[in-house]
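Everything below concerns the one structure shown next.
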Amino acid sequence: MKWICTGFFILLASLSRGQSDTQTIDLKHLSLDEVLVLDNWENKDALKKTADNHQLELQLKQLKGVNLISRGSFAQELIYRGQADGRIQVKLNGMRVYHACTDRMDPSTSYIVANNLSSAELASSCESQCSSNGLAGSINLKTKEASFDKSKIWRFGFSQQFQTNTHGLNSAFFVESNSEKLAWRLNGTWLKNANYRDGRGQEVLYSQNEKQNWALNSVYRLSPKQFLKLDFIFDLATNVGYPALPMDVGLARAFIGGLSYHSYHPLGPFANFELKLYHNDIYHEMDDTQREEVFMHMDMPGWSRTSGISLEAMNWKTGAHRINLFTEYYSNFRRAEMTMFPSNSNESAMFMLSWPDGRLNGMALGISDHWHFAKNSVQSTIRFDHESSSILSEIGKDQWTGMGYTLKSPRNFLLAQIKTAFRHQLNPKISLNSAISIGSRGPTTSELYGFYLFNAHDNYDYLGNPDLEAEQLLSLEIGQSYRSEKLQFSTSLFSQFYRNYIFGINTNYDAMTFGAKGLREYQNLGHATFWGMELAGEYAFNKKLGSRIKLDYLRGFHPDFDLPLIPPLQALVALNYRYKNFRLLSQSRMAAEQKHFNTAYGDRYTPAYMLWDAGIEYQLDMEKYQATFSLNANNLFNQYYRDHLNWGAFPSMGRNLILSLSLKF
């Protein structure tokens, strides 16, 4: 039992460490007589101990290359190096989750809450992860897990939070228990926030949110080397406003569950393996009944159901090589409806399928090799996916026939990814890195079969294209990292060259949405290029005072124009100070003006800004419980600003004080 407790502890402690953002822990079967933890970093929990601790998306934005597209104050869409849905893959506990909203109001990250996040594994397009086929990168979010701990059979926790800007009351609790064979953990969260106010004190209408989230994790010990693990999440969001959109969310409901079998017995030449089976069912319903001056009331429900099975065999050691194997099968069904009700009751309602019962089936096989020799290491991955996309609905097929298409259903794509990363340890403190990858991806359901999807950012309706070809990417990356007792520092420079880049192009068709400028259709562009640089570092002045810095810069362009929704130069500088039971935080977030924008696609000039955050925390340790009081301030000086990735250029939140109390027994 000691070894698994050790494994879980290392998993939690490693959240923000490491020279890159890829933080993967191999949970091996080890028998340890003694564990000595050496750590001189006072800010080792930097990812969690920040003024942004209250919201999951803001926590993730601290990772290099990560930004958020905001349509409101809730459920922001995560993008990595300027790439979003379809080009990056987001998994929850290793499970694929596809959103059910055609307007992407419910990204996968919206189904995990901040207080239940354990770790985030982020990988760029060049990093070897054969369990992912994200073309431009991938992120796997892990929830907190149950642990076997004989010293304490039951553990409880409760936290209450109040936010001044939104008058939000957010509550959470957890309960854990374990016996010789079974360990389980239940986490519950309630969030309720009213509209927020910007830096000028103006209320941003339709920015409220309300939701509850339940997560159950359990581990059953079949034998000393075999475990059965259950993950289950139930999420229910209601009354969620989106100021950048003409509609809100009346109901968003998700059931996400997975069962996995972990064995540390050999499987052929592999030392251990994991078999996972999962399913999720997501329902999403847009709502315009709370909006004023609605031209035409619409009902827009959406469904997404995903099932999958995966097998990962690990740690085949042969010579200086360590080989992993991954294979999976996944299937996703998506349907979205739109019913328009004319204001004249004598006119008939109009109905169409904006996702016409799209079915995506995929199977994949990947193998990765980690080879050490002398002061060098080479990590290589080869993965092949076969994806098949089709329309199941006869109404959906008729819609496309009416548009003049001869459907080739199903569309089959054979997709390959080949990656190689080389690392040279120049000396004990400095290492040099270089990597290259080539890969391809199939079009998403929206890009293939989306039928008149309204994009509020550029005010165009979008039409899919059943004839789209796969998109290809060549990625190059170089970097260095430095690590000493007090300083960790890494930089990276990357380029991405796309062919057949999938992008919306103007057509002569009329728009369907009232007030829309026109209709754009997804087509394969010849080329698109992205390049950027990233810097991250931590410095410990002493055991009480630590600092952290992050800087990102990105450009994205087609030969004839700038690509939209590209973040400007951004930086974050933070100081953490710890004195006895007090912890102090000061943090500055900066963004340069964005001069490279595309007004034809909804962008506009964005001024630079600099914000200050601050926080204080006091921890009271008693014999039977631990209490933590904290007060954090976001945008301390109440500056009026907007982020360049805010759809519709709505203003961001003004000063927000977050008062929290948490108890653990």
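Just so you know, these numbers come straight off a predicted model, no measurement behind them.
- Under a cutoff of 6.0 Å and an axis angle of 45°, Arg520 and Tyr601 form a cation-pi pair.
- For Phe503 and Tyr522, the ring centers sit 6.0 Å or farther from each other.
- Under the 3.5 Å distance criterion, with hydrogens and angles disregarded, a donor-acceptor pair is assigned to the side chains of Asn217 and Asp231.
- Within 6.0 Å of the CG atom in Asp560, the count of heavy atoms belonging to other residues, nucleotides or ligands exceeds 12.
- Judged as a side chain to side chain donor-acceptor pair (under 3.5 Å), not a single pair has a partner in residues 395-404 (not counting sequence neighbours).
- Side-chain atoms of Asn500 and Arg441 form no donor-acceptor pair, as typed in the model, at a separation below 3.5 Å.
- A heavy-atom distance below 4.5 Å is not found between the side chains of His527 and Tyr498.
- Between the side chains of Arg359 and Ser331, at least one donor N or O sits under 3.5 Å from an acceptor N or O.
- Taking the charged nitrogens against the carboxylate oxygens, Asp643 and Lys61 do have a contact shorter than 4.0 Å, which makes a salt bridge.
- Figure legend: Arg291 and Tyr206 shown as a cation-pi pair, the cationic atom lying under 6.0 angstrom from the six-membered ring centre and within 45 degrees of its axis.
- When ring centroids are compared, Trp355 and His284 stay outside the 6.0 Å threshold.
- Cation-pi contact between Arg334 and Tyr449: absent, since separation from the ring centre below 6.0 Å together with deviation from the ring axis within 45° is not met.
- Residues Ser388 and Asn412 bring a donor and an acceptor atom of their side chains to less than 3.5 Å of each other.
- Under 3.5 Å, the side chains of Thr381 and Ser368 contain no donor-acceptor pair of N or O atoms.
- Exactly one of Asn332, Asn280, Val90 qualifies for a side chain to side chain contact (heavy atoms under 4.5 Å, CB included) with Tyr98. That residue is Asn332.
- A cation-pi contact links Arg81 to Phe494, judged by a cut-off of 6.0 Å to the six-membered ring centre and 45° from its axis.
- Just one of Met296, Met300, His297 meets the side chain to side chain contact (heavy atoms under 4.5 Å, CB included) condition when paired with Asp288; it is His297.
- Note that Arg71 lies in the cation-pi zone of Trp647, set by a 6.0 Å cut-off to the ring centre and a 45° limit from the axis.
- Checked for salt-bridge contact, Arg87 and Asp85 miss the test: no charged N lies under 4.0 Å from a carboxylate O.
- Residues Asn116 and Thr143 have side chains that never bring a donor and an acceptor to within less than 3.5 angstrom of each other.
- Side-chain N/O atoms of Gln379 and Asp369 include no donor and acceptor closer than 3.5 Å.
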